[in-house]
Amino acid sequence: MTESPRPAPNPRRRSERSRRAILSAALELCSENGYGRVTIEGIAARAGVSKKTIYRWWATKGAVLLEAVIEAVVSASPLPDTGDVDADLVTHVTSVMRVFTSPVIGPAYTGILSELLHDEALARAVNEELVGPRVALVHERLRAGQRRGQLPPDADLELAVEMLYGPLYYRHALKRPFHDPDRIASLVAHVMRALRAPSPS
């Protein structure tokens, strides 16, 4: 169900210690009880703060969990630039898979995704704060490979990003087993071959 709207969060005077406690508590409760049973009251009790403190910084529990997920995704799924675009993408996609299968982050992200059809504000936040920046990161890494001559100048980089992420979201959404590292390397190889294939005349 869509949560009742709250006043816009006030980022001023945020205590980093309290913020970390709140994010950790939200992830722990989601992992233990599932997204649907997480409440602001429960997060506040676990974190040792007041509900007022949480609502001062976040409008809903979804916003709390999204911030926690974003921090985890950014730190756990870097995209290196070693000069080998294929190897770098294998590293990145493997790390994204590990985030999805994490017993702490996975349930939170699953719950957030399940709310997107019912909560437009959360959907916008997911796309603007998480999905958009990560897609842009991969797109820029592919563009760097293009500038170095590792990919043809007419390669469809936007489609390539969807081809890389699509199988992961498909398996995550349908709760299918995730690929092992060798299968991920094969996925990246297939995408890169498609990018390097001659354009149809």
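Quick caveat, the model's predicted, so the values are computed rather than measured. Along the sequence shown, the residues carry numbers beginning at 1.
Here the rule is side-chain contact (heavy atoms from CB on, under 4.5 Å) with Tyr169, and of Val96, Leu174, Leu113 only Leu113 fits it.
Nearest approach of Leu187 to Pro167, heavy atoms of both residues: CD1-CG, 3.8 Å. Contact detail for Val69 and Ala108: the closest heavy-atom pair is CG2-CB, 3.8 Å. Across every non-hydrogen atom of Arg196 and Gln150, the tightest pair is NE-O, 3.0 Å. Taking each heavy atom of Val64 and Ala26 in turn, the nearest pair found is CG1-CB, 3.8 Å. Of all non-hydrogen atoms in Ala21 and Ala47, the two that sit nearest each other are O-CB, 3.6 Å. Nearest heavy atoms, Ala72 versus Ser75: O-OG, 3.1 Å.
A side-chain N or O of Ser50 and one of Thr53 form a donor-acceptor pair less than 3.5 Å apart.
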- [ ] Kindly indicate, with the supporting measurements, whether the criterion side chain to side chain contact (heavy atoms under 4.5 Å, CB included) is fulfilled by Tyr35 and Thr110.
- [x] CA-CA 8 Å; Tyr35 182 92; Thr110 298; over 6 Å; no
Open item on the list: Evaluate Leu130 against Tyr109 for side chain to side chain contact (heavy atoms under 4.5 Å, CB included), listing each step before the verdict.
Closed with: CA-CA 11 Å; Leu130 177 59; Tyr109 197 34; 3.5 Å; yes
Task: Stepwise side chain to side chain contact (heavy atoms under 4.5 Å, CB included) check, Ile22 with Trp58 - done: CA-CA 11 Å; Ile22 291 165; Trp58 296 280; 3.6 Å; yes
- [ ] Evaluate side chain to side chain contact (heavy atoms under 4.5 Å, CB included) for Val38 paired with Asn33, printing each intermediate quantity in order.
- [x] CA-CA 7 Å; Val38 176; Asn33 304 319; 5.6 Å; no
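Annotation: side-chain hydrogen bond (donor to acceptor under 3.5 Å, both in side chains) contacts of Gln146 (sequence neighbours excluded): none.
Between the CD1 atom of Ile112 and the CG atom of Leu65 there is a distance of 5.5 Å, given to the nearest 0.5 Å. If you take CD on Glu28 and CG on Leu23, they are separated by 11.0 Å, rounding to the nearest 0.5 Å. In this structure, CD1 in Ile54 is found 9.0 Å from OG1 in Thr39, a value given to the nearest 0.5 Å. For the atom pair NE2 of His92 and CG of Leu164, the computed distance is 8.0 Å after rounding to the nearest 0.5 Å. The distance from atom CZ of Arg124 to atom CG of Leu116, rounded to the nearest 0.5 Å, is 11.5 Å. To the nearest 0.5 Å, the span separating CG on Leu89 from CD1 on Ile184 amounts to 12.0 Å.
Judged by distance alone, the side chain of Ser102 and the main-chain N or O of Arg98 form no donor-acceptor pair under 3.5 Å.
The existence of a salt bridge linking Glu115 and Lys61 is excluded, since no basic side-chain nitrogen approaches an acidic carboxylate oxygen closer than 4.0 Å.
Contact of the Thr60 side chain with the Leu122 side chain is not registered, since no non-hydrogen atoms from C-beta on lie closer than 4.5 Å. Side-chain contact between His190 and Ser186: present, with at least one pair of heavy atoms (C-beta onward) separated by less than 4.5 Å. Under the 4.5 Å side-chain criterion, counting only non-hydrogen atoms from C-beta, Val85 is not in contact with Arg148. Looking only at side-chain heavy atoms (C-beta outward), Ser15 and Trp57 come within less than 4.5 Å of each other.
The number of heavy-atom neighbours closer than 6.0 Å to CD of Glu41, taken from other residues, nucleotides and ligands shown, is above 12. The environment of Arg37 atom CZ is sparse: at most 12 non-hydrogen atoms of other residues, nucleotides or ligands sit within 6.0 angstrom.
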Using a 3.5 Å cut-off and no angle test, enumerate the donor-acceptor pairs between side-chain atoms of residues 134-144 and protein atoms at least two apart in sequence or in another chain.
from, atom 1, to, atom 2, distance (Å)
Arg134, NH2, Ser77, O, 2.3
Arg134, NH2, Ser77, OG, 2.8
Glu140, OE2, Arg147, NH1, 3.3
Glu140, OE2, Arg147, NH2, 3.0
Arg141, NE, Pro80, O, 3.3
Arg141, NE, Asp88, OD2, 3.1
Arg141, NH2, Asp81, OD1, 3.2
Arg141, NH2, Asp88, OD2, 2.7

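Sorted pairs that involve residues 162-191 and meet salt bridge (Lys or Arg N to Asp or Glu O under 4.0 Å), not counting sequence neighbours, are lacking altogether.
Ring-plane geometry between Phe100 and Phe178 is classed as tilted, the angle between the planes lying from 30 to 60 degrees on a 0 to 90 degree scale.
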